[in-house]
Amino acid sequence: MKKVLGLSLSALMVLTLTACGGNSGPELANSYDYFYSTDMSTLDYVTTNKANNHQHTVNFVEGLLQNDATGAYIPAAAESYETNEDATVWTFHLREGIQWVTATGEEYGAELTAHDYVTGLRHAADFDSEMLELVDTMIVNLKAYADGTASWEDVGVKALDDYTLEYTLNDSVPYFDTMTTYTILYPINQEFLESKGAGCKLGAPDKNTCEFGLLQPDSILYSGPFILSNLTAKSEISYTKNNSYWDADNVFVDTVSLIYYDGQDKYGIINAYENGQSVAAPIHGDWADYSDYAETYKDYMIAPRPNAYSFGINFNLNRISYNNTNKTTEAERENTRNALQNSDFRNAIFAAFDRVSYLSVTMQEEVAISNLRNMNGVPALVHTSDGTSYDKLVAAAYQEMTGNEIDLSDGQDPFYNPDAVDGYIEKAKAAGITFPVTLDLLCEDLDTAQAVASSLKTAVETNTDGQILINVIPLPEDDYLAQAFYNNNPDATDYDISTASGWGPDYADPKTFCDVYSIANNGAFLTNIGLYPEGENVQSDAAAQAVGLDEYQQLLDEADAIKNDLDARYEAYAKADAWILANAVYIPVQQQGTNLTVTKVVPFTQPYALGGAGGYKMNFMKVQVEPVTVEEYEAAKAEFEG
């Protein structure tokens, strides 16, 4: 479960790397220098579901599989694997000789073995990993172990010998191999783990006395392409090449240096690029002198590759906290809560929201349009046996559900419809909602973030004739992150609408996106929408039922019950995705995109992924001395796609 900070600078590193991702021939540089904007919160890679951690740690520890530049899953620590006929038993054969090394690059004296993957998963369960729901009901007895009702020996992960790892699953999971790039299935050396404090002992966890994964380089061991060499909060994150890495010949940069960027100086990155301190820079469409930069770099500005992240708007369906608000009466709060539980009210916002203008605040209009995403997921995440992409299935289900024909492919807007707003508002009034309704929206107290929020405010207020108002509340970065991104308490979800979070797929199946709103499976976005898992809170259950999430859950259960007919499974999940859109529980906005970019990263060399965390790895990536021209990029693209 990759929760990502939305519409902010947190994805700087990822965006640049995926913008150009195999052309060889130019003179190469041996370093990658760029920026980051959200500090890591832990190095315990098997317990976190935050992308600001994963984008680093996947470079430090080796998963079973990895992605190449096409997005294919290829060998990493596992040189081969197979599954039984019904995909309930998966066996991975590890390559021999992969070494664990310390933060100083010295060999630890232990090979990476199958036992380490067993240890990693047990540690994740012991420490109540934020990702555990991803696999706990999938792997035999893992949930029972986590709940204390089964012993570890009963769990379906075994080291058959030092180099043979076996997972036994409760049911058929034909996409399990695509889950192995995700860090909850990463290895940990048991001896090293238990040396980091008494509380690290397997089966006897104590977070207060376990120092594994603390924010210092020597708190973990390394088996991946890089070693963390510097971690200074709000300053610098640096890597050095792991010369003991099993595939070191395919690691083409010796150092990675990421400098903290707080977003205050909007020209900071382009200035660093022009001074030779950065390998890339976005050219922002909102710059007053954008045309000057566009002319200067007209032969070098490259559009990013599409990616698998989806960002949008979430509604707080059961708000309890009111510290961030101008609402003064309980009647007003109750009316707003009722409004947000009303699908016509949410659809009024959906129809009133000019997403192109919203994105054009920070990027060129043509790039803004290309970044539009129209569903809670990736259009081409999966295909049916006849080649039909998943978005076509969702569109068909949406038409059947609403009677409206729709195109859900990226790069166009099928939802903006100011003429339909009044009709939705009248229906909401008939349901007892009193207008105007004011919605609280948090944002960072940066000029750019406030300008983006103001675009949303302007569109909604204008197209609803002031019947829906947006109260923009700027907060300092740390406060914003704590309340809008890191918060894990539904009662503390202190806003009415949020643009704070996005999601990236953990594996190649629609379940990875659909489950974020699952009330039965503790969906990762439940806190974002102010809800508890089903059965944990009476008021939350009532809110979920009022919105219809019990109906949504039934659609999820029906889809997930289909294991061996993938076409039928995808069509069933498409009904759930269509339900989310038809009921405007979530408003999709964009993929994780960026502005046109100047870069020295050699096109199509870096791993690319539509699932898991493999797209964050920097092995295979090449950096050239001179910037990539548009001509070079197009030639590389033609060769890559040809």
Side-chain angles (χ1 to χ4, degrees), residues 1-4 14 18 40-68 71-78 81 90 92 112 116-125 127-139 142 146 156-157 165 167 169 173-188 213 220 223-225 307-310 377-378 381-382 502-516 521-525 592 607-619:
M1 290 168 280
K2 260 194 310 295
K3 189 176 181 181
V4 192
V14 180
T18 56
M40 299 177 70
S41 59
T42 182
L43 278 169
D44 192 344
Y45 44 90
V46 302
T47 64
T48 177
N49 72 346
K50 303 298 189 296
N52 52 300
N53 299 316
H54 296 154
Q55 66 188 45
H56 303 290
T57 57
V58 296
N59 287 290
F60 307 150
V61 183
E62 195 73 339
L64 293 165
L65 302 179
Q66 61 186 336
N67 295 101
D68 65 11
Y73 291 83
I74 63 173
Y81 67 98
W90 290 77
F92 295 85
L112 175 66
D116 299 326
Y117 289 88
V118 178
T119 295
L121 188 57
R122 187 174 185 182
H123 175 70
F127 276 71
D128 192 26
S129 171
E130 293 173 338
M131 301 182 286
L132 198 61
E133 291 89 353
L134 179 66
V135 293
D136 64 352
T137 59
M138 181 180 296
I139 296 173
L142 180 58
V157 57
L165 177 67
Y167 293 94
L169 311 181
V173 184
Y175 53 86
F176 185 75
D177 54 337
T178 71
M179 302 176 72
T180 60
T181 63
Y182 207 48
T183 59
I184 193 170
L185 297 179
Y186 273 28
I188 297 175
I220 62 172
S223 57
N307 60 74
Y309 293 88
S310 294
V378 183
L381 181 65
V382 295
W503 193 254
D506 304 322
Y507 45 86
D509 188 82
K511 177 181 173 69
T512 188
F513 278 103
C514 288
D515 266 10
V516 299
N521 297 324
N522 193 23
F525 277 6
Q592 189 181 45
Y608 180 72
L610 288 180
Y616 294 131
K617 286 186 79 171
M618 296 189 192
N619 58 330

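None of the values given here were measured: they were computed from a predicted structure.
- Between Val58 and Thr183 the shortest side-chain heavy-atom distance falls below 4.5 Å.
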Any chance you could lay out the side-chain contact (heavy atoms from CB on, under 4.5 Å) test for Val118 and Leu165, step after step, and finish with the verdict?
CA-CA 8 Å; Val118 178; Leu165 177 67; 3.9 Å; yes
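- Not a single donor-acceptor pair under 3.5 Å links the side chain of Asp136 to the backbone N or O of Ala146.
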Residues Thr180, Trp90; criterion side-chain contact (heavy atoms from CB on, under 4.5 Å); working and verdict:
CA-CA 11 Å; Thr180 60; Trp90 290 77; over 6 Å; no
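- Residues Asn59 and Gln55 approach most closely at ND2-O, 3.2 Å, considering heavy atoms.
- With values rounded to the nearest 0.5 angstrom, Thr42 atom OG1 is found 10.5 Å from Phe127 atom CZ.
- Leu185 CG to Phe92 CZ: the interatomic distance, rounded to the nearest 0.5 Å, is 8.5 Å.
- Between Tyr73 and Asp177, the side chains place no donor N or O within less than 3.5 Å of an acceptor N or O (distance only, hydrogens not considered).
- Closest non-hydrogen pair, Gly614 versus Ala609, comes out as C-CB, 4.2 Å.
- We find the OH-CZ distance between Tyr81 and Phe176 to be 11.0 Å, quoted to the nearest 0.5 Å.
- In this structure, the side chain to side chain contact (heavy atoms under 4.5 Å, CB included) partners of Ala77, at least two apart in sequence or on a different chain, are Glu62, Ile98, Leu112, Tyr117.
- Contact record, Asp509 with Leu381: O-CD2, 3.7 Å, taken as the closest heavy-atom pair.
- Residues Asn307 and Val378 fail the side-chain proximity criterion, which asks for heavy atoms closer than 4.5 Å.
- Here the two rings, on Tyr309 and Trp503, have centers that are 6.0 Å apart or farther.
- Thr181 and Ala613 get closest at one heavy-atom pair: OG1-N, 3.4 Å.
- Separation of atoms CG (Leu142) and CG (Leu134) is listed at 10.5 Å; rounding is to 0.5 Å.
- Taking CG from Asn49 and CG from Asp506, the interatomic distance works out to 9.0 Å, rounded to the nearest 0.5 Å.
- Donor-acceptor pairing under 3.5 Å is recorded for the side chains of Asp44 and His123.
- Partner of His54 under the ring pair (Phe, Tyr, Trp, His ring centres under 6.0 Å) criterion, out of Tyr182, Tyr616, Phe60: Tyr182 alone.
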side-chain contact (heavy atoms from CB on, under 4.5 Å) assessment of Tyr167 paired with Met138:
CA-CA 10 Å; Tyr167 293 94; Met138 181 180 296; over 6 Å; no
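- Taking the side chain as every heavy atom from C-beta outward, Pro607 and Asp68 never approach each other to under 4.5 Å.
- Scanning for side-chain hydrogen bond (donor to acceptor under 3.5 Å, both in side chains) contacts around Ser41 gives Asn53, with sequence neighbours left out.
- For Asn521 and Glu133, the side-chain atoms include no donor-acceptor pair closer than 3.5 Å.
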For a ring pair (Phe, Tyr, Trp, His ring centres under 6.0 Å) check, start with the C-alpha distance between His56 and Tyr45, then their side-chain angles and the critical distance, and finish with the verdict.
CA-CA 9 Å; His56 303 290; Tyr45 44 90; over 10 Å; no
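- Under a 3.5 Å cut-off, the side chain of Ser310 and the backbone N or O of Gly377 do form a donor-acceptor pair.
- Closest approach of Pro75 and Leu65 over heavy atoms only: CA-CD2, 4.1 Å.
- Going from atom CD1 of Ile74 over to atom CD of Gln66 covers 4.5 Å, rounded to the nearest 0.5 Å.
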Kindly indicate, with the supporting measurements, whether the criterion side-chain contact (heavy atoms from CB on, under 4.5 Å) is fulfilled by Met131 and Thr47.
CA-CA 6 Å; Met131 301 182 286; Thr47 64; over 6 Å; no
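- Tyr175 is linked by a ring pair (Phe, Tyr, Trp, His ring centres under 6.0 Å) to Tyr507, counting only residues two or more places apart in sequence or in another chain.
- Taking each heavy atom of Thr48 and Ser129 in turn, the nearest pair found is N-OG, 4.5 Å.
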